[in-house]
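This report refers to the structure that appears directly beneath it.
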Amino acid sequence: MSEAKSNNGLKALAGVLGLALLAVAIYTFSLYQDKKETTLALTQEKEEVVNDLNSLKSEYDKAILESNATNEELVAARDNIAKYIDSVQGMKADIASLSRYRRQVSVLKKERELLLKQVDSLTQSNTMLAMQRDSTFTELERQTVFNDSLVVQNTQLADAVERGSALNLTTQSIDAVKERNSGKLVSTQRAKATDKFKVCFTVADNVIAQAGDREFYIEVLDPQGNTLGDGMSKTNENGGSITYTKSTNFYFDNSSLDVCDYVNKPAGDFQKGNYMINVYDDGLKLLGTSKFVLK
């Protein structure tokens, strides 16, 4: 009898804990799905996020049209949402990224409510603006305080924005080439015939990332796992380091970009066997890996 009561008590406690955990999960991770969710489910979730963002943008468009004067905060908020729409549409759907953007949608909805309330207040006061200049100055001061509070809220999104602005590769390819007397490069699979490796990759477009000069690092590992080249090294701000074969520089203007560079052969011929090529960004984040064989 005592053991049965104990089991019942444990079952009741487990049930209470399960309900509590479920409530917390629904409130804080409403977009997280089970590990075994299908790609279709993730795609549908992505579409829902895009639809929510489009709905927010439409509300801002309507508010801007209805305003007697252009409201810079509304325009800036709408343009910011448009950037998030482009970013979500171009990203690869996964649970973590969708969850971050869903939280962002929630924050944007709260911002929308505050901004639209502010617009309503300003619209009502415009009819008496000539007689109420003093109160207008007071409202502007209140608006400044409100803007400061928005800045504080936006700092909480720093991690999500930083991750969203990171550059990623959509494709990566490696080709062994031989240089003919005419200077023309032709593909080959023979180690003795190979003069250099042609490393190409495509950097995905990213409207959030800051445009400017970027540097990527190419690491070529020979069949013994040694890094080809002069053993140059790079260390990031966290103390991580790599030994790379060469670096490649390019200017990123937020649109998709194809990059190609060449790795010359070391002293003597390339060895037969399996080669691995890794591409890192300037923060030493591994962006892509490719393998190929020389016969």
Side-chain angles (χ1 to χ4, degrees), residues 39 86-87 89-94 163-237 240-295:
T39 301
D86 291 339
S87 180
Q89 288 177 332
M91 78 177 185
K92 180 180 180 181
D94 59 75
R163 291 178 182 273
S165 62
L167 299 186
N168 294 285
L169 305 185
T170 57
T171 63
Q172 180 179 340
S173 64
I174 309 297
D175 193 18
V177 296
K178 174 179 176 60
E179 186 173 5
R180 291 180 174 174
N181 294 333
S182 62
K184 181 179 180 181
L185 298 176
V186 295
S187 298
T188 182
Q189 292 183 337
R190 296 176 56 244
K192 290 185 177 181
T194 300
D195 291 319
K196 59 185 67 178
F197 293 152
K198 181 180 180 181
V199 181
C200 295
F201 51 85
T202 300
V203 182
D205 60 337
N206 191 323
V207 296
I208 299 177
Q210 182 176 2
D213 293 323
R214 296 301 179 97
E215 186 170 23
F216 279 11
Y217 297 91
I218 300 172
E219 177 188 49
V220 181
L221 302 179
D222 66 15
Q224 284 72 45
N226 300 317
T227 302
L228 295 184
D230 299 327
M232 297 175 289
S233 62
K234 168 71 175 179
T235 302
N236 62 19
E237 60 183 11
S241 64
I242 62 168
T243 300
Y244 62 93
T245 303
K246 72 176 305 182
S247 62
T248 183
N249 297 277
F250 56 88
Y251 184 85
F252 182 70
D253 63 356
N254 301 107
S255 59
S256 178
L257 179 66
D258 295 323
V259 179
C260 286
D261 210 333
Y262 293 90
V263 175
N264 295 321
K265 68 180 179 181
D269 295 327
F270 283 106
Q271 303 175 38
K272 295 180 180 180
N274 299 317
Y275 287 80
M276 177 181 290
I277 287 79
N278 298 317
V279 178
Y280 300 86
D281 64 11
D282 53 7
L284 303 190
K285 174 188 174 184
L286 179 61
L287 301 179
T289 296
S290 296
K291 298 179 181 179
F292 69 99
V293 179
L294 287 181
K295 300 179 180 179

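On a predicted model such as this, the values are computed, not experimentally measured, just so you know.
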Do the side chains of [Y] and [X] get nearer than 4.5 Å, heavy atoms only?
{"X": "V186", "Y": "R180", "value": "yes"}
{"X": "K192", "Y": "K272", "value": "no"}
{"X": "L257", "Y": "V259", "value": "yes"}
{"X": "Q172", "Y": "C200", "value": "no"}
{"X": "D213", "Y": "N249", "value": "no"}
{"X": "L169", "Y": "V203", "value": "yes"}
{"X": "Y262", "Y": "L185", "value": "yes"}
{"X": "V177", "Y": "T188", "value": "no"}

Going by distance alone, is a donor N or O of one side chain under 3.5 Å from an acceptor N or O of the other, for [X] and [Y]?
{"X": "T171", "Y": "T202", "answer": "yes"}
{"X": "T245", "Y": "E219", "answer": "no"}
{"X": "D205", "Y": "S256", "answer": "no"}

What heavy-atom pair brings [X] and [Y] nearest, and what distance separates the two atoms?
{"X": "L284", "Y": "G240", "answer": "CD1-O, 3.4 Å"}
{"X": "K246", "Y": "M232", "answer": "CA-CE, 4.0 Å"}
{"X": "N168", "Y": "K285", "answer": "OD1-NZ, 3.4 Å"}

For this session: Determine, stepwise, if the pair K265 / D195 fulfils side chain to side chain contact (heavy atoms under 4.5 Å, CB included).
Result: CA-CA 6 Å; K265 68 180 179 181; D195 291 319; 3.9 Å; yes
Atom pair [atom1]/[atom2] of [X] and [Y] - distance to nearest 0.5 Å:
{"X": "K178", "Y": "S187", "atom1": "NZ", "atom2": "OG", "answer": "13.0 Å"}
{"X": "T170", "Y": "L287", "atom1": "OG1", "atom2": "CG", "answer": "11.0 Å"}
{"X": "D258", "Y": "S173", "atom1": "CG", "atom2": "OG", "answer": "9.5 Å"}
{"X": "I277", "Y": "S290", "atom1": "CD1", "atom2": "OG", "answer": "7.0 Å"}

Seminar exercise, completed: Hits for side chain to side chain contact (heavy atoms under 4.5 Å, CB included) against T289, two or more places apart or cross-chain, chain-then-number order -> M276, N278, L286
For this session: Assert yes or no for the condition that the ring centre distance of Y217 to Y244 is strictly below 6.0 Å.
Result: yes
Between the main-chain N or O of [Y] and the side-chain N or O of [X], is there a donor-acceptor pair closer than 3.5 Å?
{"X": "N254", "Y": "A209", "value": "yes"}
{"X": "N206", "Y": "L167", "value": "no"}
{"X": "T194", "Y": "K196", "value": "no"}

For this session: Quick one: do T248 and E215 satisfy side chain to side chain contact (heavy atoms under 4.5 Å, CB included)? Show the steps, please.
Result: CA-CA 6 Å; T248 183; E215 186 170 23; over 6 Å; no
For this session: For residues 183-215, pull every pair meeting ring-ring contact (aromatic ring centres under 6.0 Å, His included), keeping only residues two or more places apart or in separate chains.
Result: F197-F270, F197-Y275, F197-F292, F201-F216
For this session: Check the pair K291, N274 against side chain to side chain contact (heavy atoms under 4.5 Å, CB included), reporting the backbone distance first and the verdict last.
Result: CA-CA 7 Å; K291 298 179 181 179; N274 299 317; over 6 Å; no
For this session: Please assess I218 against D261 for the test side chain to side chain contact (heavy atoms under 4.5 Å, CB included), listing each intermediate value before the final yes or no.
Result: CA-CA 9 Å; I218 300 172; D261 210 333; 4.2 Å; yes
Exercise. Around atom CD of Q210, are there more than 12 heavy atoms of other residues, nucleotides or ligands at under 6.0 Å?
Worked result: no
Exercise. Is R214 paired with D282 through a side-chain N to carboxylate O contact shorter than 4.0 Å?
Worked result: no
